[in-house]
Every structure is written in structure tokens, then in C-alpha cells.
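Both counts, for ligands and for their atoms, begin at 1 and track the order of listing. Just the heavy atoms: all of them, side chains too, but no hydrogens, waters or symmetry mates, feed the values below.
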Amino acid sequence: MRISVIGTGYLGATHAACLASLGFEVVGIDTSADKVAALSRGELPFREPGLPAMLAAGLASGRLRFSTGLSAAADCDVHFICVGTPQSRTGLSADLTAVFGVARGLGDIIERDCLIVGKSTVPVGTAAAIADVVRSTCAGHEVAVAWNPEFLREGHAVADTLRPDRLVFGVEHRDGSAVPLLRQVYAEALASGVPLHITDLPTAELAKTAANAFLATKISFINAMAELSDLAGADVVALADVLGDDTRIGRRFLDAGVGFGGGCLPKDIRALGARALELGAPATARLLGEVDDINQQARTRVVDAVLARLRAVDGNRVAVLGATFKPMSDDVRDSPALAVAGRLLGRGCDLRVFDPEGARNARAQRPDLTFAASIDAALADADVVVHLTEWPQFREIDPAAAAGRVRHPILVDARNTLDQVRWRAAGWTVQGVGRGACAPAAGVAVAGWLMQDPVPATSSDDLARR
Ligand SMILES: NC(=O)c1ccc[n+]([C@@H]2O[C@H](COP(=O)([O-])OP(=O)(O)OC[C@H]3O[C@@H](n4cnc5c(N)ncnc54)[C@H](O)[C@@H]3O)[C@@H](O)[C@H]2O)c1
Ligand SMILES: O=c1ccn([C@@H]2O[C@H](COP(=O)(O)OP(=O)(O)O[C@H]3O[C@H](CO)[C@@H](O)[C@H](O)[C@H]3O)[C@@H](O)[C@H]2O)c(=O)[nH]1
């Protein structure tokens, strides 16, 4: 079976290489000539464990190649659409220009009966519109359209692609050609017992955005509880452990901190909210707006905490630990760490940012920030250290040695993943997120996050402007 994968970013490059590893003949297509050239040389333009070896093996086998021209897909049996669906420049909805551009392009070049499968994350209702576009441009061939949303996590992309928690085949007709073809593509995963859900197109599209909205809601819920914990003197980590032992709730995605970011969760909840409004469900849009607002407030509360600590010691130098949106990734799209760093810079702080693997992307996005070449260089003469991305390297810092490098041993642990007891024992003043019960009561100007000129949130737009 010959397969095209159109769009070779985080999703598409992973999907293409994994399909080639399963024995399919794959052409990856992207409009970015640089990306295609790099992938063709075996160079992955982003960090993803296990993927470079898989890319190299695919190229060496001759089963995997890359092209900038959509016509390279003309004789394929299955086409996967993996292009970006970013937030539109003008509002909260998804920009679907690339998805519809590919659909129109495929209609023009298809030379045989085939299956077009959407993997990009799209607002519910898009797949049916794509099917209309393809059929209006492609005469003389049978073209089926399916939606097969992708749930992979960056940093775990290969494992999540080959052994996902579940597969979803959204199809127009259950007895049409799409299901047997998709069963062939995913034969190995299905044979290993991966659950399969065959649905209609809208259910498949909604399953993806609903999953991300649920994960985002879980994170914002625990961040809301972190705020209450600070105000009431409770400990949100212990609270999450209690909640998590309830098997109906589960412990995962209950880590309070600086909130969620990345190329998916933030834009996907906004797009779902915008779609909910279009469909006439304003309460759902409001719910998702609150999730977004609480997430933005998590960033604001970290900024306020750092500024308060600086004021307390009349300092200005901040060591920023982390720039990527999560560890084990070099992705800085909508990174909470970079957003916090940017706001501190805007408030006149003198920053030294260190990230073990994200510095290149971070520098490209925020050339106004000063980056340090090592953890030690970031810590030098700092008045406050703020921990924003939970890279394992930061857990290995010796707090006693670190205390000797800074001007004031003050730590804001905005991910709650450092050993706060050990840091305190080494003489540090430590402030976590929602660790009210653990915060030292005496000798600290600020005991809770919200004692520093809180700014009430009114909308995500308002927060984004701040
Ligand atoms: N990144 C993830 O972890 C992930 C996981 C699941 C789903 N998704 C979804 O997958 C989609 C892609 O996300 P991504 O993170 O890979 O984005 P990305 O920006 O890394 O990659 C998108 C690629 O599409 C290419 N492209 C744009 N227009 C094109 C066109 N007309 N023809 C060919 N190529 C074109 C771009 O050059 C880019 O390389 C989005 O809808 C996203 O929400 C992403
Ligand atoms: O308890 C938690 C868990 C996560 N996060 C943050 O949430 C964000 C997203 O994390 P994660 O979901 O692991 O990263 P992604 O790679 O963006 O994956 C999400 O987005 C993808 C794109 O849609 C989906 O495919 C995945 O299923 C979905 O988990 C990151 O900033 C994390 O730091 C928290 O703050 N607290």
C-alpha cells in the first residue's frame, strides 16, 4: 500500500516514519523546502526521542521519502492530512487554510480511487466540508473521506503512534472502503489489542478536541484548587494525591503549577469554545473560557510571586530555569515558561534563562531575553530563582552549592517538582504553587500568591494583552 503524509511537522514526520517502519511505502509532503531537505538528509527539525533512528531506518530502506510537491502523492492509496491548524490571527477559532488548501490540491492531482484521512485537529463539522471540497474538484475517481484523530504527546510520539491508548476511525459509511483500508494501515496496533472506535465523522472530530479540553480542564481545576490551598493554608500536592486515589478521578494531569501550554491544549480549547458559540452552546464556550482564564492566571500568579520576592529583597536579577512548554521537548509554542519570562522582562527584571534543550527555539521566539549557557551561569548573582519547566537536570541541582552562587537564596518552584524540603534545609526560602501549608510563616514578606496586587481576569484576550 502506498501512503502519503501531507504536513511533516511534529505529527506528520512521526506518522510518516512510523508507517515506513511498519513496511508501508510512504511519501511525506511539506510546503517547507527546508523541512523537506532536512528530513531527506535524515535530520529531524525537532527533538523527539526514538524518532531520528526511525527516520534513518526509513530512508535507508527506500520506503520513506520526502517531497515539496503534492503531485508526489498522486498514485497513493491513502492520504493522511497532517498540516497545522493554528489559532487564527484574528480570533479564537482555528485557522483551517492549510487543511482546505490540501483538500483542494488533492482533488486536483488524484489519479486513482483512494482514501483521504484527516489527522489534523479540526473543529467539528470540518470533515464533511472537506469531503465536499474533494468531491467537487476530483471527478472520475471514488474518493472516501475519514477522520482519524491523533492523540500523541510530544516526547512520547513514537510509542503513542505505534501503541496508542485507542484508535478512532470516523467514517462516512461503516460499510464503505474506509474501514478496511484503515484496518490494514493499523493492523499491528489492532492485533496488539489497541481498542478501536468506529464512529461518524463529527464524533471523531469532537473526540479529539473533547479529550484535549478535558485534560486542560483537569489542569485548570487543580490550579484553581492550588489558589484555594494558598489562601486556606492547604497543600495542593497532598490534595491531588487524595483526589487521585479515587479511581474515578485518577492522579494524572493533576499537577498544579504554571499551567498548560504547547502547540495543542491552549489553541484547541479556544477553537472548541469558538465552535461551541457558532453552534449555539454559549455555556460550553464560557466553561472553556474559564479554563483558559484560570490557566492564564496561573502564569500571572507566578509572575506576581517572583516580583513580590524581588521587592522584598530589593533585587532585580532572576534566574529562569526552563523555557520549553514541558520537559523532554524543545517546543516553545505557547510556553508558560517563556510567557512568564517575557512578562518579567516587561516589568524590568534582569533575567538569565537556561533550558537544557529548548534554547535555540526559545531564542528565535524571544530574542529579547538573555540566555545562559549553563545552570550555574543562570544562577550567578540571582535574587530569585524561578523553576518553570521540570527538566530532570533541575532536580539534580545541589541546593547547598546553588546557595553559594546566588545573591539571595530564594526559590519560586512553579512546577512543585523540586525537593522543597531539601532546598529549605540548605537555607533557601521556597515558595511552591498551592503549598500554603508548607510555606514558611515567619520572616517572609509574602505568604500567599495573591497578596501581591492581583489583577482580576475578565477574559483571555484581556489576560493575553497583559
Ligand atoms: N504536535 C502534536 O503533538 C500533535 C498531536 C496531535 C495532533 N496534532 C495536530 O496535528 C496538526 C499538526 O500539528 P503539528 O504540531 O505537527 O504542527 P507543525 O506546525 O509542527 O507541522 C505542520 C506542518 O504542515 C506544513 N504545511 C502547512 N501547510 C501545508 C500544505 N498546504 N501542504 C503541505 N504541508 C503544509 C508546515 O510546513 C508544517 O511543517 C495540528 O492540527 C495539531 O493540532 C498535533
Ligand atoms: O498535570 C499536569 C499535566 C500537564 N501539564 C502541562 O500541560 C501541557 C500539555 O502537556 P501534555 O498534554 O503532556 O503535552 P502535549 O504534547 O501538548 O499533548 C497534548 O496535546 C496533544 C496535541 O493535541 C495531544 O495529542 C495529547 O494527547 C495531549 O496530551 C504542558 O505544558 C504541561 O506542562 C500541567 O501543567 N499539569
Side-chain angles (χ1 to χ4, degrees), residues 4-15 28-36 38-39 45-46 48 66-70 72-73 80-87 94-106 118-123 126 148-157 160-161 164-166 208-209 211-216 218-223 226 240 244 250-269 271 295 298-299 322 324-329 331-337 339 388-390 414-417 433:
S4 81
V5 175
I6 304 155
T8 57
Y10 288 87
L11 167 62
T14 309
H15 193 59
I29 294 165
D30 203 289
T31 45
S32 161
D34 286 351
K35 208 169 269 190
V36 165
L39 288 167
F46 54 90
E48 190 57 51
F66 295 92
S67 172
T68 49
L70 196 57
F80 282 99
I81 302 180
C82 297
V83 295
T85 51
Q87 186 175 335
D95 180 344
L96 300 175
T97 311
V99 173
F100 279 98
V102 169
R104 273 189 295 273
L106 279 174
K119 274 193 102 57
S120 300
T121 303
V122 292
T126 305
N148 165 224
E150 177 58 57
F151 299 94
L152 69 80
R153 300 157 298 163
E154 290 178 22
H156 306 267
D160 286 353
T161 300
D165 285 351
R166 76 297 214 187
K208 171 63 196 179
T209 42
N212 275 3
F214 190 80
L215 294 171
K218 217 173 163 188
I219 299 168
S220 278
F221 179 83
I222 202 65
N223 280 326
R251 180 64 178 80
R252 294 171 77 186
F253 277 70
L254 283 182
D255 291 324
V258 69
F260 58 81
C264 293
L265 262 48
K267 70 147 174 91
D268 288 347
I269 57 163
N295 193 51
R299 300 177 183 191
T324 55
F325 85 106
K326 69 174 187 181
M328 320 319 280
S329 166
D331 194 347
V332 297
R333 290 181 288 181
D334 204 348
S335 166
L388 291 166
T389 312
E390 65 275 37
R415 289 289 185 178
N416 284 340
T417 51
V433 177

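Note: no N/O pair closer than 3.5 Å links E150 and ligand 1 by distance alone. For the pair Y10 and ligand 1, the shortest N or O to N or O distance falls below 3.5 Å.
Using a heavy-atom distance under 4.0 Å as the criterion, the protein contacts of ligand 2 are E150, F151, L152, R153, E154, K208, N212, L215, I219, F253, L254, D255, G259, F260, G261, C264, L265, D268, F325, K326, R415.
The contact set between ligand 1 and C82, taken as ligand atoms under 4.0 Å from a residue heavy atom, comprises 12 (C). Residue contact check: K35 has heavy atoms under 4.0 Å from atoms 38 (C), 39 (O) of ligand 1. Within ligand 1, counting atoms from 1 as listed, the ones closer than 4.0 Å to a heavy atom of C264 are 2 (C), 4 (C), 44 (C). Close contacts of ligand 1 with V102, meaning ligand atoms under 4.0 Å from a residue heavy atom, involve 30 (C), 31 (N), 32 (N). Using a 4.0 Å cut-off to heavy atoms of G84, the atoms of ligand 1 that qualify are 12 (C), 22 (C), 24 (O).
When non-hydrogen atoms are compared, ligand 1 lies under 4.0 Å from neither the backbone nor the side chain of K119. With a 4.0 Å cut-off on non-hydrogen atoms, P149 does not touch ligand 1 at all.
Contact annotation: R333 has at least one heavy atom less than 4.0 Å from an atom of ligand 1. In this structure, G263 has no heavy atom closer than 4.0 Å to ligand 1. Using a 4.0 Å heavy-atom cutoff, R153 is absent from the residues neighbouring ligand 1. Ligand 1 does not have G101 within reach: every non-hydrogen atom of the residue lies 4.0 Å or more from it.
Regarding atom 25 (C) of ligand 1, its nearest protein heavy-atom neighbour is D30 OD2, 3.3 Å. Taking atom 40 (C) of ligand 1 as the reference point, the nearest protein heavy-atom neighbour is T85 OG1, 3.5 Å. The protein non-hydrogen atom at the shortest distance from atom 10 (O) of ligand 1 is L11 CD2, 2.9 Å. Counting only heavy atoms of the protein, atom 9 (C) of ligand 1 lies nearest to T121 OG1, 3.5 Å. Given atom 5 (C) of ligand 1, the protein heavy atom at minimum distance is L152 O, 3.6 Å. Of all protein heavy atoms, the one closest to atom 11 (C) of ligand 1 is V83 O, 3.3 Å. If you check which protein heavy atom lies closest to atom 21 (O) of ligand 1, you get G9 CA, 3.2 Å. Nearest non-hydrogen protein atom to atom 43 (O) of ligand 1 is K267 NZ, 2.6 Å.
Atom CD1 of I6 and atom CG of L106 lie 4.0 Å apart (nearest 0.5 Å). Annotation: the span from L152 atom CG to D165 atom CG amounts to 11.5 Å, rounded to 0.5 Å. Rounding to the nearest 0.5 angstrom, the gap separating the CZ atom in F80 from the CG atom in L11 is 10.0 Å. The line from CD of Q87 to CG of D268 is 10.0 Å long, rounded to the nearest 0.5 Å.
K267 places none of its side-chain heavy atoms less than 4.5 Å from the side chain of D334. Annotation: side chain of N212 is not in contact with side chain of I269 (no heavy-atom distance under 4.5 Å). A heavy-atom distance below 4.5 Å is found between the side chains of T161 and H15.
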Under 3.5 Å, sequence neighbours excluded: what are the donor-acceptor pairs made by side chains of residues 256-264?
none

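Compare T31, V122, T161 by their heavy atoms: the one nearest to atom 30 (C) of ligand 1 is in T31.
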Exercise for the section: Evaluate side-chain hydrogen bond (donor to acceptor under 3.5 Å, both in side chains) for S32 paired with D30, printing each intermediate quantity in order. Expected result: CA-CA 5 Å; S32 161; D30 203 289; 4.6 Å; no

